[in-house]
Each structure stands twice: as C-alpha cells, then as structure tokens.
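All values below were derived from every heavy atom in this structure, side-chain atoms included, with hydrogens, water molecules and symmetry-related copies excluded. We count ligands from 1, going down the list as the structure has it; atoms in each ligand are counted the same way.
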Amino acid sequence: MTHWTPSSWRNREAKQQPIYQDQEALDRVVEQLSKLPPLVTSWEIETLKSQLAEASEGRRFLLQGGDCAEVFCECESPVIANKLKILLQMSLVLVHGGKRRVIRVGRFAGQYAKPRSDDYETRDGTTLPSYRGDLVNDIDFTESNRYNDPERLLRGYERAALTLNFVRSLVDGGFADLHHPEYWDLDFVRHSPRSTDYQKLVEGIGDSLRFMETLAGRQVGEINRVDFFSSHEGLHLPYEQAQTRRVPHRSGWYNLAAHFPWIGMRTTDPGGAHVEYFRGITNPIGMKVGAAMSPELLIELISRLNPLNEAGRLTLIHRFGVDQIATHLPPLIDAVRREGKKVLWCCDPMHGNTIRTEVGLKTRRFDHILSELEQAFDIHSEAGSYLGGVHIELTGDNVTECTGGARGLSDQGLTESYKTFVDPRLNYEQALELALRVAQRMNRMIDAAALEGPMVF
Ligand code: PEP
Ligand code: CO
C-alpha cells in the first residue's frame, strides 16, 4: 500500500465535496483550524476503541444517536441537554434489558456536513449550490445563504467545542449520575403512553444500585458515572485533515475532532479519497454498509481499513431497509466470518427506511424501523454472530417527523412539529419506545441463552 499522510486523500477522487469559489480562503481556514486546540484526546479515543472491542466480543452494547444534521442555530442548552437525556434514558433501558454495559456515542459536536445527490438545486428557474450542511452553507434558498463559505468551517468547529464543553460539564457535574435518573426526565414524559414502563424500570435499577452499595458498603464508583463520546460523518475532507494530528508518546495519527468518525454510504469507494483518509487515522471508525455492498467489496474495504485486524477498530453500520435486510445481511456476515475479520456489527434501521408521504414529506414509519432492528437481532443470532449496537436518528424534543409509535402518529399529523433540516428523526417518546422494545428482545435472548448454559457478564 502507498505511503499515507493526512493529505494523501488529495490524490484520489473525493466525492461529496463542496465546490469552493475562493480556494485561497479555504486554504487559509484549514491552516487556522489545524492550529486550534483539539476537541478530544487520544486517551479518550483509545478508551472508546477498547470498549468497542469488548462490544464486538458481546460484552458491551453500542448506542449511537443524535440528529441527522446538527444546525448552528440549535447549539442551545435545552436542545443539547434533551439529547443527552434521551440517550441516557435509552441506555438505562438497554443496560437493563441486555445486561451489558452500554457505550454512549452522540451524533453530535460536529455532525454538520451532509452528502447530497446533486451539487446544485433549481427552484423556479433559479439554480444555486445544494445545501450541504451548516459546515458549508445555509439552508435558505438565497444566493448569499447558499454561498459555500469556508469561514463556516471555523464556526462549526467552535460550535462543536461549545457542545462538547457543555456535555462534559453536565456529565462531570453529576447530571449523568445513576442515582438521579430524575434529572433526565423531560417535561412531557409524564404524559407519554410508555412512561409507566420506564418509571418501573428506573425504580428497579435504583433498588439494585442501592442493594449493591449496601453489600459493598460504599458507592459503586465506576458504574455510577457514565461517559459520552462524540461522532460525526467524516465527509468534509479538508476539515477532517485539519484536525488530524500526532500526539506525544503515541505512534500514528489521530483525528482529534471526534472520537468516532464514520464513512457515509456514498463515500465507500475503496479507491476513493474517503477510504484513503480513514485508513491512516488511528481512531475507531465506522462504515455504513448498504444494499449495494457485495461480500467481496466488503472484505476488500475491511482489509484496507483494518489491515492489522484489530478488535474495536472497525464498526460496520448496516442500513438496508425493512424489506432488504433479510437478503443482504446474511451473505455479509458469512464472508466476514469466513475471512476471520474482527468487526463490531451495528444496525442503523433509519436510513434504509426513508419514504415520502402523499404530499411529499420525508418520513419513516416506526414499525419499519422496529422491524429492521428486530430482524437484525434475529439474523445475527441465527448466524452465530452478535449485533453489538444500534445507530439511531433521534431528538430529545417533541417533534413529529416519523409516523407510528405508541401514539400512532399519522401522515397528517406530521406537519404539527416537523423541524428536521434533512432526515426525519424519532422523537423522544418513539426513541424510548424503541429502546424498551429492543431491551425486551435482548432480555428474551439472554433468557433463552441461559437455558442452554451459563452466561458470564
Ligand atoms: C446519515 O447517517 O445521515 C447518512 C447520510 O447515512 P448514509 O450514509 O447511511 O446514507
Ligand atoms: Co440521516
């Protein structure tokens, strides 16, 4: 394989990059970005990698979730806190159901760049650059807003830093303390059809925690604190390159803008610039896997991205759609097993299930999402493999973007609070319901396994 540098991707075809009119301005910004202090550290990254390695062996479970696209105007305290709350609540439910520790990774603090089908968009005879996320331009359809402005890379980096700073302070200040799950309650929780199930579970966990502490005669140190890691699609290569650094006392290069960057489905060409960039960084990385991925291509990509076959390095985030998973996933699991590749399997039940309503609104049906996820558990289990994570687009707010769920939201109800800038997200109630349903299934699988022999956690 050829020599790698943080900029060797520039010799390959880079898909999904914005076209900048002012190249010099872009170079200046990249230069400035590369001098700013990092957002995350190499030891946090290494901790996450070892936790993901444990997840790939069935000893932990990954919960990755957040907005499809973060937007600058929502870098606000309630929006961020609500996202943490729903992720904390979901992870509590999953710990309870799966009897495994949960790794929480937010799609936040940098999820500002989006892939698009076309470079340009035309409305009423006017053609302007497509919206590529707040890192690049603004969604409003005017010439000045759609201008691809390199300065926005700095604004995105600053907001990522503000977001992470707030997340870290909340967690360090005790917000994520398992003794106080009431901190995570959202105002509208009490009215949710699922709130009793959740409250019962929380009380049960509180009881076990107190019981363990009574036995131990002290607070259960490690488990009463929970961490969050950050992730985003590593799409905008000049931005990612600017964050790619060496650190003292360690070999290799780290992307210090996020703990866990992933390669989006549209940029998985093995000869392309994204795969070239990702192969050289030391972080744990994700790769989206869709229906077009053949077993041969997958093995080629795994060999490039994880040549040393290191556990925890590569997470395959599969996203086929409710009608496709049953045919596409089994051959991929077979190929990975046959070749002895170490990967963590994670299911994204969102991106293969996007549809449009009669009036053209993008939505996803709760039943489709749940069914893809349930099928994923079954397929892995039947193949003797382990589904070690879920990847969800969600928000802690009370939006109406996906239909179905306990309240039976209809197509007509979608317009009530449809806020997403890109893909439809599960709202707070739907996300919690999904976690409860998944936890029940995990619980049943554990019971069944327990009948067959002892299970060690
Ligand atoms: C996304 O995660 O928002 C996304 C664009 O997904 P995919 O690359 O799987 O299409
Ligand atoms: Co999306």
Side-chain angles (χ1 to χ4, degrees), residues 14-18 62-71 74 83 87 105-118 130-136 139 156 230-237 240 258 260-270 272-275 277-278 285-293 297-298 301 305 314-322 324-325 328-329 332 345-356 361-365 368-369 372-373 376 389-395 399 401-402 418-427 430-431 434:
K15 295 217 173 90
Q16 296 289 341
Q17 303 303 292
L62 167 68
L63 170 63
Q64 186 179 17
D67 293 305
C68 180
E70 284 180 290
V71 287
E74 285 190 356
K83 232 175 302 181
L87 287 171
V105 177
R107 278 179 69 117
F108 56 43
Q111 178 52 18
Y112 292 121
K114 297 308 297 175
R116 302 316 297 251
S117 334
D118 294 301
S130 296
Y131 173 61
R132 287 192 169 274
D134 276 15
L135 199 62
V136 175
I139 196 155
S230 66
S231 72
H232 64 251
E233 179 174 347
L235 184 68
H236 192 296
L237 291 173
E240 303 302 331
F260 183 58
W262 78 83
I263 310 177
M265 195 193 64
R266 302 184 207 198
T267 49
T268 52
D269 171 9
H274 289 81
V275 170
Y277 170 75
F278 272 81
I285 60 171
M287 181 175 69
K288 292 288 196 92
V289 173
M293 179 86 69
L297 183 58
L298 180 63
L301 282 161
L305 293 168
L314 182 61
T315 299
L316 299 179
I317 309 168
H318 53 74
R319 32 88 81 223
F320 300 110
V322 63
Q324 307 251 3
I325 182 166
H328 287 89
L329 182 56
L332 299 183
W345 292 101
C346 174
C347 174
D348 163 0
M350 313 298 291
H351 286 90
N353 291 313
T354 316
I355 51 173
R356 284 196 188 267
L361 217 48
K362 253 193 190 182
T363 190
R364 292 162 173 158
R365 308 226 179 279
H368 293 171
I369 295 169
E372 178 163 358
L373 200 46
V390 290
H391 179 115
I392 310 281
E393 284 183 346
L394 55 79
T395 161
V399 300
E401 297 169 5
C402 294
Y418 191 94
K419 294 194 183 149
T420 183
F421 286 80
V422 189
D423 288 338
R425 303 159 295 177
L426 292 179
N427 62 25
Q430 293 168 328
L434 191 76

With R107, the side-chain hydrogen bond (donor to acceptor under 3.5 Å, both in side chains) member among H232, E393, Q64: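 Per the side-chain hydrogen bond (donor to acceptor under 3.5 Å, both in side chains) rule, the option paired with R107 is E393, out of H232, E393, Q64.
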Atom name, D423 (N, O or S, nearest to the Co ion (ligand 2)): OD2
The Co ion (ligand 2) to E393: nearest N/O/S atom name: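 Per the distance ranking, E393 contributes OE2 as its closest N/O/S atom to the Co ion (ligand 2).
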Point-to-point distance, once rounded to the nearest 0.5 Å, from CD1 of I139 to CZ of F421: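 With rounding to 0.5 Å, CD1 (I139) is 6.0 Å from CZ (F421).
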Pairwise distance CD(Q17) to CG(L235) - rounded to 0.5 angstrom: 6.0 Å
V289 vs F320 side-chain heavy atoms within contact, under 4.5 Å: yes
Proximal atoms of ligand 1 relative to C68 (non-hydrogen, under 4.0 Å): 3 (O)
Those atoms of ligand 1 less than 4.0 Å from some heavy atom in G264: 8 (O)
Selection from R319, Q16, K288 by shortest heavy-atom distance to atom 10 (O) of ligand 1: R319
Contact with ligand 1 for E393, non-hydrogen, under 4.0 angstrom: yes
Ligand 1 N/O within reach of K114 N/O, cut-off under 3.5 Å: yes
Geometric N/O contact R107 with ligand 1, under 3.5 angstrom: yes
Taking atom 1 (C) of ligand 1 as the reference point, the nearest protein heavy atom with its distance: H351 NE2, 3.0 Å
Minimum-distance protein heavy atom relative to atom 8 (O) of ligand 1: M265 N, 2.8 Å
Apex the Co ion (ligand 2) - arms SG from C68 and NE2 from H351 - angle rounded to 10°: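 SG of C68, the Co ion (ligand 2) and NE2 of H351 span an angle of about 180°.
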Shortest non-hydrogen contact from C346 toward T315: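 Where C346 meets T315 most closely, the heavy atoms are CB-CG2, 3.8 Å.
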Minimal non-hydrogen separation, P18 against V136, with atom names: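 The answer is CB-CG1, 3.6 Å.
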Ring geometry between H391 and H351 (parallel below 30°, tilted from 30 to 60°, perpendicular above 60°): perpendicular
